[in-house]
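Data block below; observations after.
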Amino acid sequence: MEQTTAIIDLDLPGPRISRHVYGHFAEHLGRCIYGGFYVGEDSDIPNERGIRSDVVEALRALNIPNLRWPGGCFADDYHWRDGIGPREDRPRMVNSHWGDVVEDNSFGTHEFMDLCELLGTEAYIAGNVGSGSVAEMSEWIEYLTRADDSPMADLRRRNGRDEPWKVPFFGIGNEAWGCGGNLRVEQFASLARQYSTYVRNHAGNDVYRIAAGASDADLHWTEVLMQSFDALDRAEDAGTPAAPFQAVSLHYYTMTGPWADKGSATEFTEDEWYLALERARYMDHLLTRHGQVMDRYDPHKRVGLVVDEWGTWWNVEPGTNPGFLYQQNTLRDALVASVHLDAFHRHADRVVMANIAQTVNVLQAMLLTDPESGALVRTPSYHVFEMNAGHHDADSLDVHLQGVPSRPGEKAELPLVSASASTRGNAALVSLTNLDATAERTVVLDLRGRDVVEHSARVLSAPGLATHNTPDAPDAVAPVALEAVRPHARGLEVTLPAHSYATLSLTLA
């Protein structure tokens with residue numbers, strides 16, 4: 001059994017990890033909205049105003065900080081006025097991106113904002129640049145957030161909502177390089193400035209505007225967007241927000257095959273296990289490269305990087321609609337999530353938000369709902385988010401790993417241990433992932449600068465790499481207490497099972 005050392009200076013906090021990197025994503029896609037979040041008020045499934053009560057309860061336990069809606073690609077076909085007013089009067093539309101099904105718009109702005117209030121989360125609205133207009137976007141933010149008797153505020157009141165909502169985050173388009181308009185970045189950069197100008201702050205609602213950013217390693221896209229800002233290098237302006245938008249996004253998905261055959265969610269080889277984790281770790285490289293581009297234009301880090309689509313994307317489950325993107329979620333997905341979250345923690349100085357795709361029944365979901373029994377299943381990825389809640393708004397700590405074994409990968413060596421840590425007050429949380437498919441790993445936590453007076457640990461693992469939760473076995477992958485934690489001259493010694501994720505909660509003197 002090999003030994004790894006993780007050196008952590010508990011008294012040297014770094015950039016704060018925004019709770020918003022634990023954000024989520026809900027698109028009108030497959031059974032994410034209908035049958036996932038929303039079942040209608042006449043459903044036999046317990047609900048509050050049509051919103052599933054068990055979904056709300058499960059997500060409230062995660063303290064989800066923000067929820068992105070209505071897309072994704074759907075956002076650039078969505079016209080918000082179609083989703084307000086009496087449901088029986090709302091026009092229908094074709095969801096051309098996802099299954100070519102008819103959308104009845106019964107879940108619209110009021111239903112989404114109701115969902116956010118039930119969840120205790122903040123709204124991230126994705127605006128329509130691809131097929132919408134500047135006026136349409138401007139009127140939507142007015143409808144949502146204005147308090148007086150303006151035309152849109154009056155319309156909102158006539159639709160049953162007197163007080164305005166708070167909408168802290170607004171997306172200026174989505175994947176403008178693809179489904180959001182097939183634009184060149186030079187075209188989109190001008191549109192982003194224009195549209196952002198008209199997403200106004202009303203009634204004390206300060207909007208953080210996020211321009212649709214790059215796919216994967218498209219550094220040129222990020223560079224052109226950064227060039228569209230004014231005077232970011234002036235030190236005297238370092239404390240003021242960037243304008244007219246405040247952040248750019250990045251999308252990256254993990255898969256083991258080409259686009260046409262992305263790989264199976266549940267049937268994969270050990271080599272495919274490692275390939276998925278290597279490609280997940282590529283996120284750290286992307287954050288570094290895009291961050292370097294942003295640093296050239298914005299050395300004071302006034303512009304945020306928002307990874308508002310990330311996660312695994314596998315072939316759909318056999319027998320399901322290929323346009324609904326329903327996939328199972330195994331222990332492998334959980335470790336893909338932990339590797340990503342470690343990367344977000346390491347880049348806390350630039351990454352201000354992230355949104356896993358997607359929350360319910362689509363791609364790397366937190367929750368799966370069974371259409372036959374109505375059962376709700378928490379996925380392995382859900383448990384990683386729950387175990388990591390202590391990192392929300394905590395100060396990052398550098399973790400210096402020594403003696404980490406690695407394995408030859410597709411492009412580079414794959415380290416078989418991933419780690420991150422944070423501190424808040426008299427507490428610290430250390431996250432450790434053993435990516436080795438077959439061997440356990442001992443990690444010595446060399447804890448410096450502050451005394452640890454108490455500790456506890458949990459671990460997420462399973463008998464098999466593809467183990468997953470189902471209505472019949474909802475806890476096949478679920479966290480349990482990790483007993484293999486021992487005092488060590490340097491701090492603590494932890495033995496991690498093969499293919500596992502663990503968190504250690506520390507109480508500090």
Side-chain angles (χ1 to χ4, degrees), residues 2-8 14 17 21-22 252 254 256 270 272-288 307 310-312 330-348 351 354 356 364 380-381 383-388 390-391 394 396-422 428-446 457-462 465 477 479 482 492-505:
E2 300 182 54
Q3 180 175 291
T4 296
T5 300
I7 302 170
I8 305 173
I17 299 167
V21 301
Y22 286 85
Y252 174 72
T254 297
T256 54
E270 189 174 296
E272 288 174 307
W273 160 274
Y274 286 116
L275 179 58
L277 294 168
E278 180 189 356
R279 291 183 174 177
R281 187 173 170 80
Y282 186 64
M283 174 58 78
D284 191 271
H285 172 78
L286 291 176
L287 297 178
T288 298
V307 189
W310 68 272
T312 55
T330 71
L331 179 66
R332 178 176 66 168
D333 296 272
L335 268 58
V336 166
S338 70
V339 167
H340 274 80
L341 294 166
D342 285 344
F344 299 153
H345 299 168
R346 285 192 291 271
H347 293 270
V351 179
I356 191 169
Q364 192 174 349
S381 297
H383 294 301
V384 170
F385 273 66
E386 184 275 322
M387 293 169 71
N388 255 8
H391 291 304
S396 60
L397 295 169
D398 284 339
V399 180
H400 303 280
L401 291 170
Q402 297 178 345
V404 177
S406 63
R407 164 189 174 92
E410 179 183 42
K411 295 182 178 179
E413 292 284 313
L414 171 65
L416 294 180
V417 175
S418 181
S420 63
S422 68
L429 185 68
V430 180
S431 297
L432 298 169
T433 308
N434 180 9
L435 307 183
D436 198 309
T438 58
E440 66 180 22
R441 186 77 48 202
T442 293
V443 179
V444 172
L445 298 182
D446 187 343
R458 292 194 295 162
V459 64
L460 186 74
S461 192
L465 304 180
V477 187
L482 177 60
L492 296 170
E493 184 180 74
V494 186
T495 299
L496 303 173
H499 52 264
S500 68
Y501 169 70
T503 54
L504 285 85
S505 299

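- Aromatic ring orientation, H499 versus W273: perpendicular (interplanar angle above 60°, classes split at 30° and 60°).
- Of all non-hydrogen atoms in L331 and S461, the two that sit nearest each other are CD1-CA, 4.0 Å.
- Checked by atom type, the side-chain pair D333/S381 shows no donor-acceptor distance below 3.5 Å.
- Atom CG of L397 sits about 6.5 Å away from atom OG of S422, to the nearest 0.5 Å.
- Although no hydrogens or angles enter the test, the distance criterion places no donor-acceptor pair under 3.5 Å between the side chain of E440 and the main chain of T495.
- With hydrogens and angles disregarded, no donor-acceptor distance shorter than 3.5 Å links the side chain of E410 to the backbone of E278.
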List the atom pairs, donor and acceptor, that lie under 3.5 Å between side-chain atoms in residues 399-407 and the rest of the protein, sequence neighbours left out.
unit_1 : atom_1 : unit_2 : atom_2 : d
S406   : OG     : E413   : OE1    : 2.7
R407   : NH2    : D271   : OD1    : 2.9

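- Under the 3.5 Å distance criterion, the side-chain polar atoms of D342 are matched with a main-chain donor or acceptor of A419.
- Closest heavy-atom contact between L414 and Y274: CD2-O, 3.7 Å.
- The backbone N or O of H347 sits nowhere less than 3.5 Å from a side-chain atom of D284 that would complete a donor-acceptor pair.
- Residues S431 and M387 fail the side-chain proximity criterion, which asks for heavy atoms closer than 4.5 Å.
- Atom CD of E493 is separated from atom CG of D446 by 12.5 Å, given to the nearest 0.5 angstrom.
- One finds the OH atom of Y501 at 3.0 Å from the CG atom of N388 (value rounded to the nearest 0.5 Å).
- Looking only at side-chain heavy atoms (C-beta outward), V477 and L460 come within less than 4.5 Å of each other.
- Looking at Q3, its side chain never comes within 3.5 Å of a backbone N or O of T442 through a donor-acceptor pair.
- Between the side chain of N434 and the main chain of P497, a donor-acceptor pair closer than 3.5 Å is present.
- A heavy-atom distance below 4.5 Å is not found between the side chains of L286 and V307.
- Between R332 and T256, the shortest heavy-atom contact is NH1-CG2, 4.1 Å.
- Atom OG of S500 sits about 8.0 Å away from atom CG of L482, to the nearest 0.5 Å.
- A perpendicular orientation is assigned to the rings of F344 and W310, their planes being inclined by more than 60° (bins at 30° and 60°).
- Minimum heavy-atom separation, H391 to S420: NE2-OG, 4.3 Å.
- With hydrogens and angles disregarded, a donor-acceptor distance shorter than 3.5 Å links the side chain of H340 to the backbone of V336.
- Residues R458 and E386 form a side-chain contact, since some pair of their non-hydrogen atoms from C-beta on lies under 4.5 Å apart.
- We find the OG1-CD distance between T312 and Q364 to be 3.5 Å, quoted to the nearest 0.5 Å.
- Scanning both residues, L496 and V443, for their nearest heavy atoms gives CD1-CG2, 4.0 Å.
- The two residues T433 and S338 have their closest heavy-atom pair at OG1-OG, 2.9 Å.
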